[in-house]
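Comments concern the structure below.
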Amino acid sequence: MIDTKHIGLRLPTVSFEVEKGRLRFFAKATGETRPEYLDESAARAAGYRSLPAPPTFLMGADLDAGTMTTLLETLNVPIGRILHGEQSFTYHAPVCAGDVLSVESKISDIYGKKSGALEFIVKDSLIKDATGETVLEARSVIVVRNPQENAA
Amino acid sequence: MNAPTRDQVKVGEALPPLELPPITRATLALFAGASGDHNPIHIDIDFAKASGMPDVFAHGMLPMAYLGRFLTQWAPQTRLRRFSVRFAAITPVGARLSCTGKIVEITEDGHETLARLEIGVVDKQGEVKLAGDALVALA
């Protein structure tokens, strides 16, 4: 079982720069072909400062910095046992290429279900712009599949 | 693209669906790099098998990214206020996914009129992979 003493644990604040090349790579990987997500002049014509970060793109901010690796190591959870359970985003301001963001994450909850066969880790993140304003709130629920040692 | 207006939408109305090409191993490799999620369970069949899975499978965030495309083809991204999903089933290699959604409520939050959408991703057999909801500010 994951030690619930980690509830409330704050993970190291990380910095993330939104890069045009990464946004175009994300567009390619997700089949996005609309010009405002690929071409800077089209993005400006659509009212953005530069290429916009798509709605789910900023998951990468924590991942790039190794926050998930740190979390799993701290909780002693093997990466091969995790699944994504839930994900939510609350948007406060557009994020575009060139923005330099900070990500503050914490473990908000840890709980078990099905007699410990599944455990759940809730991680909440605040993504802030260079002025300290929150642009995005993100909540991830990670499911841990525990081996059934006593299964018949 | 203009945001849908209060007069243009009604509760019960379905959004135009988004049909996706089959998930390939190449899709998963590209998404691993682009998303920053390098968990080998999605790109290395040996690791997946050693972890008790029959094969690699899609990152949950891949169909969620498709849902993001689906929402932003209906309304500009600047109108999106909230986007939330539950991952209901694993998406295997070869899956053909569709994004669907409908307006379930028109609501006010003080200074904006919002459409609440029920959204989902299903495969060709109709199995629900993701289910969730979104709030979109109407013009």
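In what follows, chains carry the letters A, B, and so on, assigned in the order in which the sequence lines appear, proteins first and then strands, with residues in each chain numbered from 1. As the structure is a computational prediction, the values presented were derived from the model and not from experiment.
Between chain A and the options B/A65, B/G68, B/P76, heavy-atom pairs under 4.5 Å are most frequent for B/A65. Each of B/Q73, B/M61, B/R86 has some count of heavy-atom pairs under 4.5 Å with chain A, and the biggest count is that of B/M61.
Between A/P55 and B/T72, the closest side-chain pair of non-hydrogen atoms falls below 4.5 Å.
Hydrophobic cluster membership differs between B/L114 and B/I106, with clusters built from Ile, Leu, Val, Met, Phe, Trp and Tyr side chains linked at under 4.5 angstrom. A/L126 and A/L136 are not part of a single hydrophobic cluster, where members link through side-chain heavy atoms under 4.5 Å apart. Hydrophobic clustering, with ILVMFWY side chains joined whenever heavy atoms are under 4.5 angstrom apart, groups B/L18 together with B/V85.
Taking CG of A/D62 as the reference point, atom CG of B/D37 lies at 11.5 Å (rounded to 0.5 Å). In this structure, the separation between NE2 on B/H59 and CG on A/L63 is 9.5 Å, given to the nearest 0.5 Å. In this structure, NE2 on A/H84 lies 7.5 Å from CE on B/M64, to the nearest 0.5 angstrom.
Nearest heavy atom pair, residue A/G80 against residue B/I41, reads O-CD1, 3.4 Å. Between A/D64 and B/G36, the closest heavy-atom pair is OD1-CA, 3.7 Å.
A donor-acceptor pair under 3.5 Å links the side-chain atoms of B/Q77 to the main chain of A/A53, judged by distance alone. Although no hydrogens or angles enter the test, the distance criterion places a donor-acceptor pair under 3.5 Å between the side chain of A/R145 and the main chain of B/S51.
Looking at B/Y66, only its side chain comes within 4.5 Å of chain A, counting heavy atoms on both sides. At a 4.5 Å heavy-atom cutoff, the contact between A/L83 and chain B is made by side-chain atoms alone. Residue B/L130: no heavy atom, backbone or side chain, is found under 4.5 Å from chain A. For a residue to count as touching a neighbouring chain, one of its non-hydrogen atoms must lie under 4.5 Å from one of that chain's; by this rule B/F31 touches chain A with backbone and side chain alike. A/A45 does not touch chain B: none of its heavy atoms, backbone or side chain, sits under 4.5 Å away.
Of all residues spanning residues 16-38 of chain A, those with a heavy atom less than 4.5 Å away from chain B's heavy atoms are A/R22, A/F25, A/F26, A/K28, A/A29, A/T30, A/G31, A/E32, A/R34, A/Y37, arranged by number.
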Item to check | Audit row: B/R82, A/S88, side chain to side chain contact (heavy atoms under 4.5 Å, CB included) steps and yes/no | outcome: CA-CA 7 Å; B/R82 191 178 153 77; A/S88 67; 3.9 Å; yes
Checklist entry - Does the side chain to side chain contact (heavy atoms under 4.5 Å, CB included) test come out yes or no for A/Y48 and B/T78, once each step is laid out? => result CA-CA 9 Å; A/Y48 294 104; B/T78 50; 3.6 Å; yes
Checklist entry - Step by step, would you call B/L80 with A/F89 a side chain to side chain contact (heavy atoms under 4.5 Å, CB included)? => result CA-CA 10 Å; B/L80 187 59; A/F89 298 103; over 6 Å; no
